[in-house]
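A quick write-up on the structure given underneath.
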Amino acid sequence: MRVTKVIKQQMLALLEETYQDTTTALTYTTPFELLIAVILSAQCTDVRVNIITGRMFPKYNTPEKILELGQSGLEEQIRDCGLYHSKAKNIIATCTMLCEQYQGQVPDSIEELVKLPGVGRKTANVVVSQLFHIPAIAVDTHVFRVANRLQLAKGKTPLEVEKGLMKAIPRDKWSDAHHWLIWHGRKVCKARKPECTACCLGELCPSALLPDQQHQGIPD
DNA sequence: CTCCCGATAT
DNA sequence: ATATCAGGAG
């Protein structure tokens, strides 16, 4: 069945009502801490990132202090979150750039942020949205999956989905909607076993599984 | 497209 | 055993 604009608006209204109090799950106290936490979050749960940053940030929470750790020292700190060699290399290169070109400050535009090693469009969108209150929709694995399943936006790449969502959602709710979709993806519309019977969208979802289908295939 | 990668859920 | 987790670089 075809998902009309009205259906999309109804689904968004229900998501807003259900997830109105959600925000980032990453713990941070400064712009730099958020930037590092988001870089670490690639292919890793936010829970594990918080464990790592919780023991690292009290001692190492500025570009200068991270650089003092060195490659192997940083790897030791972040090893548990996976992809640790690349992440450590990128974070060190990013800290060097922040010190040499940005006076140790986190840049406030997507164009500048994506110049930093380890920072792609998704991370840049999270940072500008969360730190500088610029409307943006960061498309991570959850947003990508949920947007396609609900057919709020269809696309084969994160950028295609981002553009589709920006058309379907009013600009002043872009940043909030990003969080609605993330939390829905984490708690209900999960990758392996979506809990369609517990979903606030009910029949509105074009991919909804019937109760007797819940145990089998994923509708992607 | 492949590669990077440990921890967790299923 | 295998899929998945706030992706990005080559």
Side-chain angles (χ1 to χ4, degrees), chain A residues 15 19 22-28 31 33-56 71-72 74-97 106-107 110-131 136-149 153 155-162 165 174-196 209 213-220:
Chain A
L15 290 171
Y19 301 104
T22 57
T23 180
T24 178
L26 298 171
T27 55
Y28 68 97
E33 287 189 1
L34 177 68
L35 175 64
I36 298 306
V38 181
I39 292 174
L40 290 176
S41 72
Q43 295 294 293
C44 177
T45 61
D46 55 289
V47 174
R48 183 142 301 277
V49 172
N50 288 338
I51 293 173
I52 289 170
T53 57
R55 65 191 180 213
M56 180 169 79
Q71 174 76 25
S72 60
L74 182 54
E75 282 183 6
E76 185 181 339
Q77 291 285 325
I78 69 173
R79 190 182 59 84
D80 291 354
C81 73
L83 311 180
Y84 61 88
H85 187 73
S86 332
K87 287 176 182 174
K89 184 181 173 188
N90 286 331
I91 288 171
I92 285 178
T94 281
C95 288
T96 302
M97 280 185 68
V106 177
I110 292 177
E111 305 88 85
E112 294 301 313
L113 282 162
V114 295
K115 292 179 183 174
L116 301 171
V119 179
R121 185 168 183 86
K122 177 258 165 177
T123 297
N125 272 328
V126 170
V127 169
V128 296
S129 159
Q130 189 75 28
L131 294 182
I137 304 177
V139 178
D140 61 31
T141 183
H142 297 298
V143 175
F144 184 80
R145 179 182 68 250
V146 173
N148 274 301
R149 281 181 179 170
K156 301 184 195 308
T157 68
L159 186 57
E160 285 175 21
V161 169
E162 182 184 336
L165 288 173
W174 284 357
S175 300
D176 287 339
H178 158 75
H179 289 114
W180 308 339
L181 295 172
I182 280 217
W183 282 96
H184 190 59
R186 283 190 183 138
K187 303 296 185 184
V188 180
C189 198
K190 297 182 284 189
R192 291 182 90 170
K193 201 182 119 192
E195 296 178 15
C196 299
L209 293 175
Q213 296 175 312
Q214 286 273 17
H215 62 94
Q216 54 176 15
I218 315 298
D220 286 334

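Below, read A as the first sequence line, B as the second, and so on, with proteins coming before strands; counting in each chain starts at 1.
Following rounding to the nearest Å, A/L83 (CG) and C/dA6 (P) show an atom-to-atom distance of 13 Å. Distance A/R186 CZ to C/dA6 C1': 6 Å, rounded to the nearest Å. Atom CZ of A/F144 and atom C1' of C/dG8 are 15 Å apart (whole Å). To the nearest angstrom, P of C/dA6 lies 15 Å from CD of A/Q130. For the pair A/K89 NZ and B/dC3 P, the interatomic distance rounds to 17 Å; values are reported in whole Å. To the nearest angstrom, C1' of B/dC4 lies 12 Å from CD of A/E75. Rounded to whole Å, the distance from NZ on A/K87 to P on B/dA7 is 12 Å. In this structure, the NE2 atom of A/H85 is 21 Å from the P atom of C/dG7, given to the nearest Å.
Within 4.0 Å of A/T24, counting heavy atoms only, lies at least one base atom of the nucleic acid. Among the atoms of the strands shown, base atoms are found under 4.0 Å from some heavy atom of A/A25. Contact annotation for A/G82: base contact, defined as any heavy-atom pair under 4.0 Å involving a base atom. When heavy atoms are screened at a 4.0 angstrom cut-off, A/L40 is found touching no nucleic acid atom at all.
Under 4.0 angstrom from either OP1 or OP2 of C/dC5 there lies at least one side-chain N or O belonging to A/T141. Taking only side-chain nitrogens and oxygens, A/R79 never comes nearer than 4.0 Å to OP1 or OP2 of B/dC5. Between C/dT2 and A/R192, no contact under 4.0 Å exists linking OP1 or OP2 to a side-chain N or O.
Heavy-atom nearest nucleotides on DNA chain C were determined for A/N90 and for A/V47, and the one closer to the 5' end corresponds to A/V47.
If you take atom C1' in C/dA6 and the same atom in B/dC1, they sit 23 Å apart, rounded to whole Å. B/dC5 sits 14 Å from C/dG10 when the P atoms are compared, rounded to a whole Å. Only the P atoms considered, C/dA1 is 22 Å distant from B/dC4, to the nearest whole Å.
You'll find that the side chain of A/S86 is closest to B/dC5, out of C/dG7, B/dG6, B/dC5. The side chain of A/Y84 lies closest to B/dG6, out of C/dA6, B/dA7, B/dG6. Here C/dC5 is the nucleotide among B/dC5, C/dC5, C/dT2 with the atom lying nearest to any side-chain atom of A/H142. Distance from the side chain of A/K122 is smallest for C/dG7 among the nucleotides C/dG7, C/dT4, B/dA7.
The shortest heavy-atom contact between A/M97 and A/P117 is SD-CD, 3.6 Å.
Within the structure, side chain to side chain donor-acceptor pair (under 3.5 Å) pairs that include any residue of residues 84-97 of chain A comprise A/E75-A/H85 (at least two apart or interchain). Here side chain to side chain donor-acceptor pair (under 3.5 Å) pairs that include residues 36-50 of chain A, with residues two or more places apart or in two chains, are A/T27-A/N50, A/D46-A/R186.
For A/H179 and C/dA6, the ring-to-base geometry does not satisfy the stacking test (centroid distance below 5.5 Å, interplanar angle below 30°).
No side-chain N or O of A/H179 forms a donor-acceptor pair with one of A/Y19 less than 3.5 Å apart.
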Could you go step by step and tell me if A/L35 and A/V119 meet the side chain to side chain contact (heavy atoms under 4.5 Å, CB included) rule? CA-CA 9 Å; A/L35 175 64; A/V119 179; 4.0 Å; yes
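Other residues, nucleotides and ligands contribute only 12 or fewer heavy atoms inside 6.0 Å of the CD atom of A/E76.
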